[in-house]
There are 2 protein chains.
Amino acid sequence: MALKPVTRKSVSDQVFDQVLGEVVDGGLAAGEQLPSERQLAEVLGVSRPAVREALQRMAQTRLVEVRHGGGATVRDFRKYGGLDLLPRLLVRDGGVDPAVARSVVEARTSVGPIIAALAAQRGGPALTGALEDVIARLAGTTDSQTWQELALEYWDVVVDGADSIVYRLMFNGLRAAYEPAIPALALALAPEVGQVEPYRLLAAAISAGDPATARAAAERVLAPTNSSLMTAFTALSNPEGEQA
Amino acid sequence: MALKPVTRKSVSDQVFDQVLGEVVDGGLAAGEQLPSERQLAEVLGVSRPAVREALQRMAQTRLVEVRHGGGATVRDFRKYGGLDLLPRLLVRDGGVDPAVARSVVEARTSVGPIIAALAAQRGGPALTGALEDVIARLAGTTDSQTWQELALEYWDVVVDGADSIVYRLMFNGLRAAYEPAIPALALALAPEVGQVEPYRLLAAAISAGDPATARAAAERVLAPTNSSLMTAFTALSNPEGEQA
DNA sequence: GTTGGTCAAGTGGTAAGACCAATTTGAATG
DNA sequence: CATTCAAATTGGTCTTACCACTTGACCAAC
């Protein structure tokens with residue numbers, strides 16, 4: 001029997017999630033007004049400060065614009081949303097959105113090798129220890145969830161070694177989107193467990209300071225993951241009343 | 001005489017900016033605790049709800065972790081921050097951080113052509129009208145600031161045509177970082193004004209549905225902008241008491 | 001007809017105070 | 001030294017009151 005910690009969700013978190021859902025899924029068009037803070041507080045049965053906290057966070061996502069005396073106006077989330085919106089877009093209607101999943105996979109495929117090449121160029125031998133440490137831990141696990149978490153850690157080292165704050169921040173956003181999904185994906189990604197060799201080859205290329213080889217090796221690391229990911233996402237997708 | 005709208009800054013905005021500054025620039029290490037809400041309210045001379053709003057927003061950035069009864073704990077902003085942090089990192093100590101600027105430019109250089117190729121592949125002729133509209137407006141302006149805004153609009157069309165939500169959301173984050181800097185950069189980027197041809201060539205490649213040509217054309221669009229950007233960023237950088 | 005001024009209603013922004021919930025800390029005890 | 005428990009601290013929520021801004025209506029002056 002697996003006991004999980006009980007996680008309490010604050011009132012303002014719940015308000016935020018509901019408002020976010022309305023903006024992303026509720027058919028609200030850009031330019032429409034949300035109900036006033038007082039109305040939301042009444043309808044949701046909570047206090048106005050809780051609503052305010054949620055709405056200030058919504059404003060920070062750029063998905064709504066809040067003006068003093070003017071209410072909250074909805075913006076087009078596709079035009080203004082940041083990577084933090086990704087988990088929300090990935091899982092909709094109880095399943096995975098295939099188009100979103102595909103775009104995640106293809107962005108990994110394209111940007112991953114670029115980052116690996118930069119890591120080889122700029123990090124090179126200095127990354128050896130950290131990469132080998134993660135690889136040793138990868139080699140020592142048979143648990144798929146742990147494997148995925150370690151694979152992320154591996155890429156954390158690589159993107160750090162790339163010495164590019166933009167890629168670092170992008171990775172952070174993508175990781176934040178991916179991490180909560182690991183438990184759901186772990187079963188489908190189980191065939192990956194134990195395939196340490198591609199990670200070793202990439203680490204060797206990075207340590208050798210060879211960008212071109214690192215780029216190719218990164219593609220080899222990502223290719224099987226990518227197809228497993230697409231398989232997993234497809235299994236989790238919900239085109240017609242199929243529950244994951 | 002140029003009149004600008006007066007912008008008021010709310011108390012919670014001011015608190016947020018100060019706390020963010022402490023976290024990013026104040027020498028706080030990951031794991032350190034921020035002062036309690038009550039302390040912050042007293043020190044800053046504001047109410048506790050205003051502090052709460054700011055801290056809930058900070059928690060949303062992932063740069064701090066707020067636990068009930070446990071206070072707010074600082075996280076490593078490099079490891080947890082998202083692209084929204086970019087403007088903050090780009091401009092520090094009254095000047096531009098050259099490493100951040102470089103990473104912005106190189107990410108554009110790498111990811112831009114990828115996006116353009118996808119737009120050619122997936123948008124193709126359907127993007128013709130929108131691209132030509134922006135190009136006509138580019139051709140009709142001699143104002144550098146307007147030019148930069150239109151260039152962003154051009155790329156907005158391209159990234160939309162790429163039909164990849166991940167790139168879309170990344171672009172949104174980068175644009176949010178770039179837009180406030182346009183007025184400061186416009187003077188240095190003035191030599192770009194009038195050079196419509198590369199944009200026309202890229203639009204033609206996209207409309208023709210030719211990914212390889214679009215990729216190469218995007219590189220040609222970005223190359224002069226990149227060097228101008230680096231020049232501009234260098235002029236704005238502040239290694240030793242030089243004020244932009 | 002246009003412009004400026006005033007007012008009311010509605011909405012966002014702020015504060016004070018009270019109280020509950022979770023965590024941390026320190027003292028007492030075995 | 002380990003455990004237990006109470007107190008202190010901190011976050012979370014709510015109520016109430018009031019201020020600041022926006023919008024629209026209406027009226028007066030030009």
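Residue numbers start from 1 in every chain, and the chains themselves are labelled A, B, ... in the order their sequence lines are given, proteins ahead of strands.
At the heavy-atom level, A:Arg48 lies under 4.0 Å from base atoms of the strands shown. Among the protein residues, B:Gln33 comes within range of no part of the nucleic acid, since none of its heavy atoms lies under 4.0 Å from any strand.
Between the P atom of C:dG10 and the NE2 atom of A:His68 lies a distance of 16 Å, rounded to the nearest Å. Distance CD (A:Gln56) to C1' (C:dG12): 9 Å, rounded to an integer number of Å. Between the CD atom of B:Glu53 and the P atom of D:dG12 there is a distance of 13 Å, given to the nearest Å. Protein atom NZ of B:Lys9 is 16 Å distant from nucleotide atom C1' of C:dG13, rounded to whole Å. The distance between atom CD of B:Glu65 and atom P of C:dA22, rounded to the nearest whole Å, is 17 Å. Between the CZ atom of A:Arg52 and the C1' atom of D:dT15 there is a distance of 16 Å, rounded to whole Å.
On a pure distance criterion of 3.5 Å, no polar donor-acceptor pair joins the side chain of B:Arg8 and the base of C:dG13.
The one candidate from A:Glu32, A:Gln33, A:Glu65 that meets the side chain to side chain donor-acceptor pair (under 3.5 Å) condition with A:Thr73 is A:Gln33.
For C:dG13, the OP1/OP2 oxygens have no side-chain nitrogen or oxygen of A:Arg67 closer than 4.0 Å.
Ion pair B:Arg62/A:Asp84 flagged as a salt bridge, since at least one NZ, NE, NH1 or NH2 atom sits closer than 4.0 Å to an Asp/Glu carboxylate oxygen.
In terms of modelled atom types and a separation under 3.5 Å, the side chain of B:Tyr167 and the main chain of B:Ala162 share no donor-acceptor contact.
Annotation: A:Glu42, atom CD; neighbour count of heavy atoms from other residues, nucleotides and ligands within 6.0 Å does not exceed 12.
For the pair B:Asp163/A:Arg102, a side-chain contact is recorded, criterion being any heavy-atom separation below 4.5 Å from C-beta on. In this structure, the side chains of A:Arg75 and A:Leu63 stay at 4.5 Å or more apart for every pair of heavy atoms.
Remark: A:Leu187 engages no residue in a side chain to side chain contact (heavy atoms under 4.5 Å, CB included) (not counting sequence neighbours).
When each of B:Pro49 and B:Gly71 is assigned the nucleotide of DNA chain D with its nearest heavy atom, B:Gly71 is the one assigned upstream, toward the 5' end.
Contacts between residues 35-47 of chain A and DNA chain C, defined by a heavy-atom separation below 4.0 Å, involve A:Ser36, A:Glu37, A:Arg38, listed by number.
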